[in-house]
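Okay, structure first, notes after.
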Amino acid sequence: MLHVSRHQLREVALHVVTSGSGPALLLVHGFPLDHGMWRGQFEELADSYRLIAPDLRGFGRSQPGSEPAATMDRMADDLAELLDALRVTEPVTLCGLSMGGYVALAFWRRHGERLGRLILCDTRAAADTPETAAGRLATAAAILDRGTDELAESMLERLFAERTWRESPALVESIRQVMRRTPARSVAAALRGMAQRVDMTEALPRIHVPALVICGEYDAISPPEEMRGLAAALPRAEYVQIAGAGHMAPLEEPAAVNRAIRRFLAETEVDAPS
Ligand code: MLT
């Protein structure tokens, strides 16, 4: 059964959907989406795990922050406060997709003692290049002027594998609608936040928790070569490629992603506190 709640944190109120019981699995969505992208995980994994899927600040039904940039650090701090509000005291498994992966790496940096295991889906450790960061700032300005429809269309083209476009038009449409509903101000704030995120490449060898790195075979945004390199740099990571999926692997091929997550969680343990 799904449980929906809203939690007033220090700076923002976050909307969160939870389901199931067992070890906590915190699911952090990508940009510019909301908790709904994890529906395939809610359908299958809640029999063994306590799934927790928040809407990050400014997305879905969560309140935006008051600052012009929604940084990955702020979002990571929100997650730590949310876990307090939900009385989750044990280290969690944090699973983040793309921007959610940037937030997961920020969570390790700022709240490492609360991270038991890490699942990185279709994401990267590197910061933006100066050109990419400048492009994001320009897009943020354009969105505030003209709305989010253009961004939604250009992003959609890169999010999904060809098979998803062909066989699951309703799924693509549902993501289009989520993007269109997201307020321009929130989209702009997250773009500015991503543009200033810390480069985590050098930190990867110091992330000692068990990790699973998942990448869609046709991910055009964080491609398999890059994600394989990310997994190789993590001391305890396994790399799993999802056949037929694009950037939104957990949504496009939920059964394969759930199998990988289930196996990883069954075969690894959260380290005892030292
Ligand atoms: C995402 O899916 O969250 C975005 O592609 C991340 C990004 O723009 O870097």
Side-chain angles (χ1 to χ4, degrees), residues 26-38 40-41 53-60 62 69-76 78-79 94-107 119-143 148 150-161 164 171-172 174-182 184 186-201 213-216 218-224 226-227 230 242 245-253 257:
L26 178 58
L27 300 165
V28 185
H29 64 79
F31 166 89
L33 304 173
D34 67 9
H35 72 274
M37 61 148 286
W38 300 111
Q41 285 60 55
D55 289 341
L56 293 169
R57 53 168 65 201
F59 294 95
S62 288
T71 63
M72 305 302 103
D73 287 6
R74 280 272 181 282
M75 293 186 194
D78 290 346
L79 294 181
L94 204 171
C95 171
L97 179 126
S98 203
M99 182 180 78
Y102 311 157
V103 175
L105 292 173
F107 187 89
I119 304 176
L120 294 173
C121 305
D122 303 278
T123 188
R124 58 168 48 94
D128 282 356
T129 61
E131 296 72 29
T132 305
R136 288 203 204 264
L137 301 185
T139 307
I143 281 170
T148 56
E150 279 170 43
L151 175 81
E153 290 316 310
S154 66
M155 274 207 77
L156 273 179
E157 275 171 30
R158 308 186 65 215
L159 285 187
F160 298 108
T164 308
L171 186 153
V172 174
S174 72
I175 292 296
R176 174 182 281 120
Q177 293 313 322
V178 173
M179 288 180 172
R180 288 193 165 176
R181 272 201 303 274
T182 308
S186 298
V187 175
L191 283 166
R192 294 191 192 108
M194 287 193 282
Q196 51 179 270
R197 74 186 188 278
V198 173
D199 194 316
M200 293 294 289
T201 314
V213 174
I214 293 176
C215 185
Y218 301 113
D219 187 336
I221 298 176
S222 30
E226 184 170 358
M227 291 221 70
L230 193 166
I242 305 297
H247 186 63
M248 298 299 298
L251 185 65
E252 298 177 84
E253 298 294 337
V257 169

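Ligands are counted one by one from 1 in listed order, and the atoms in each one are counted from 1 as well.
- In the vicinity of S98, heavy-atom distances shorter than 4.0 Å reach the ligand 1 atoms 1 (C), 2 (O), 3 (O), 4 (C), 5 (O), 6 (C).
- For ligand 1, the atoms closer than 4.0 angstrom to any heavy atom of G30 are 3 (O).
- Judged purely by distance below 3.5 Å, without hydrogens or angles, the side chains of T201 and D199 pair a donor atom with an acceptor atom.
- Among the atoms of L159, none of the N or O lies under 3.5 angstrom from an N or O of ligand 1.
- For the atom pair CD1 of I119 and CG of L97, the computed distance is 12.0 Å after rounding to the nearest 0.5 Å.
- Contacts of R124 with ligand 1, taken as heavy-atom pairs under 4.0 Å, are absent altogether.
- The main-chain N or O of G216 is found under 3.5 Å from a side-chain atom of D122 such that the two form a donor-acceptor pair.
- In this structure, S98 and F31 have side chains that are not in contact, with every pair of non-hydrogen atoms separated by 4.5 Å or more.
- The closest approach between any non-hydrogen atom of H29 and ligand 1 is not below 4.0 Å.
- Residue Y102 approaches ligand 1 through these ligand atoms, each under 4.0 Å from one of its heavy atoms: 6 (C), 7 (C), 9 (O).
- E252 places no side-chain N or O within donor-acceptor distance of the main-chain N or O of A245, the cut-off being under 3.5 Å.
- Within the 3.5 Å criterion, the main-chain N or O of I221 finds a donor-acceptor partner in the side chain of R124.
- The ligand atoms of ligand 1 that sit less than 4.0 angstrom from a heavy atom of I221 are 5 (O).
- Every atom of ligand 1 is numbered from 1 in the order shown, and the set under 4.0 Å from a heavy atom of M155 is 5 (O).
- For the pair H29 (side chain) and W38 (backbone), a donor-acceptor distance under 3.5 Å is absent.
- Using a 4.0 Å cut-off to heavy atoms of F31, the atoms of ligand 1 that qualify are 1 (C), 2 (O), 3 (O).
- With a heavy-atom cut-off of 4.0 Å, R136 touches ligand 1 through its side chain alone.
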